Number of protein chains: 2
Amino acid sequence: MTENADKKKHHHGNLRAALVSAGIELLEEGGLEALTLRKCAARAGVSHAAPAHHFEGLQGLKHAIAEEGFRLFSAHLQRAIEAGPQSDRGRLNSICRGYLLFGLQHRGVLNVIFGGKGLAGLVASPSGKKEAHAYLLLRQVCAPFVPEGVDPQVVEAQVWSLIHGFTLLHLAGEFGPPAVPEDGGAFDQVMGLLDALPMPPKA
Amino acid sequence: MTENADKKKHHHGNLRAALVSAGIELLEEGGLEALTLRKCAARAGVSHAAPAHHFEGLQGLKHAIAEEGFRLFSAHLQRAIEAGPQSDRGRLNSICRGYLLFGLQHRGVLNVIFGGKGLAGLVASPSGKKEAHAYLLLRQVCAPFVPEGVDPQVVEAQVWSLIHGFTLLHLAGEFGPPAVPEDGGAFDQVMGLLDALPMPPKA
DNA sequence: CATGTGAACTTGACAGTGTAAAGTAGTGCT
DNA sequence: AGCACTACTTTACACTGTCAAGTTCACATG
């Protein structure tokens, strides 16, 4: 019965997940600055030092939140792809739009995922690959745009850089006030650059 | 004589600049977490509450650092452009490479510039435009790639998004360990997407 | 069953942080 | 000289992360 995670261990039962959940809540409500070990503990109904037994300090909690946040992120992207038009270009556009919308809706979580080595260790580590659902989606969506003889990672890095940069700059307000409702303007125009894909292998 | 900023006012003379400078130092040495009002004050040789008279709290200091950092950033980009090949494509590549190198060398400063609304207020504000040296450079470098009838801001946003995203993802370690020395690999391949510029106005 | 072993959590403490209020010293103006 | 004003200091407080030492409970072992 190693599968069943329901077993109440001592007082709380499954505190670790509760702390991560509380952390994500705080993140959504008050951004990065609002994420605090003590507030997470309070929200989970335990004392301020309890988290120390489940994470290695604040950084450990952030790492755990990055893991869980990445799962939410991946699920969000998958839903976006499935809900959009089922063509190569349609899926490419959907994953990018999903990326942006996730950033707008879950700004704090995205910051934890990509901020301060949050994810680097996770994905780069040999054991972390299985968490990389979003990477598989990206690979899958980009595949039709990879010319023969070109490393797929190049195309993936191009798409990822473009949408990641656009999302973060948008979040930073560099493209004017965040026109959230479907965005319409800047997004489609910037993503128009992807119409150049697939690029010829080399001149 | 309102122009002359040299006048020693009281004890320190020009404390504000010293605090910003100390802040940038701390940023370079220990990253975002090391940037502290009290440490800045200590490094400038004043008491811990002195900064309150020059900035509105920590956020105010960060804003001031973002301004100064943006000036350094702009100068860095200009130098990169001038040092590179003098062709349209050469300048486009140089500004992007300069962007990446600045990120690698001054990670903390870049984070303050673009993190947490650091710059948004600065550039979006009517009085802040004059600080936007880097934007003028970007506009200038992108100009040859803007087709007739297309808003130049679209091209600028495309280039900016791509290099910004690539730089941040690189910094986050998503593209493997940061191969700092001229980078060689991923950078040139990803920037190859810009070979598609100028894009035809619309299909 | 008594006992102790260890995990989960609490309590208490400490240094460091941002910030606000009140005090002090030097500047400049009348 | 006197006075206001600015620049800075001092003091204080709430909050943070982290550590060390208890406490409480589940459970295995004698």
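Only heavy atoms go into these numbers, but all of them, side chains included; no hydrogens, no water, no symmetry mates. Chain letters run A, B, ... following the sequence lines, proteins first, then strands; residues in each count from 1. Quick caveat, the model's predicted, so the values are computed rather than measured.
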| note | The nucleotide from dT11(C), dT18(D), dT19(C) with an atom nearest the side chain of R38(A) is dT18(D)
| query | Given dT18(D), dT9(D), dC8(D), which nucleotide is nearest the side-chain atoms of L37(A)? | reply | dT18(D)
| said: Checking ring-ring contact (aromatic ring centres under 6.0 Å, His included) between F102(A) and each of H170(A), H164(A), H76(A), which is the one that passes? | reply: H76(A)
| query | Rounded to the Å, how far apart are L15(B) CG and dT6(D) C1'? | reply | 13 Å
| query | Within the structure, does a side-chain N or O atom of H53(A) lie under 4.0 Å from either OP1 or OP2 of dT10(C)? | reply | no
| field | Value in whole Å for how far the P atom of dT18(D) lies from CZ of F55(A) | value | 13 Å
| message | Over all strands shown, is T36(A) touching base, sugar-phosphate only, or nothing at heavy-atom distances under 4.0 angstrom? | response | sugar-phosphate
| query | Any donor-acceptor pair under 3.5 Å between the side chain of H48(B) and the base of dT11(D)? | reply | yes
| request: Calculate the interatomic distance between E33(B) atom CD and dG16(C) atom C1'; express it in whole Å. | output: 13 Å
| Can you name the residues that form a side chain to side chain donor-acceptor pair (under 3.5 Å) with R89(B), not counting sequence neighbours? | D195(B)
| Given I65(A), which of I113(A), L35(A), L19(A) fulfils the side chain to side chain contact (heavy atoms under 4.5 Å, CB included) condition? | L35(A)
| said: If you compare all heavy atoms of P147(B) against all heavy atoms of P198(B), which two are closest, and at what distance to 0.1 Å? | reply: CG-CB, 4.0 Å
| task | Compare side-chain N and O positions of H54(A) against OP1 and OP2 of dC9(C) and report whether any pair is under 4.0 Å apart. | result | yes
| query | For the side chain of L58(A), counting heavy atoms from C-beta on, which of dT18(D), dC19(D), dC9(C) is nearest? | reply | dT18(D)
| request: For the side chain of V46(A), starting at C-beta, report the closest nucleotide among dC19(D), dC9(C), dC8(D). | output: dC9(C)
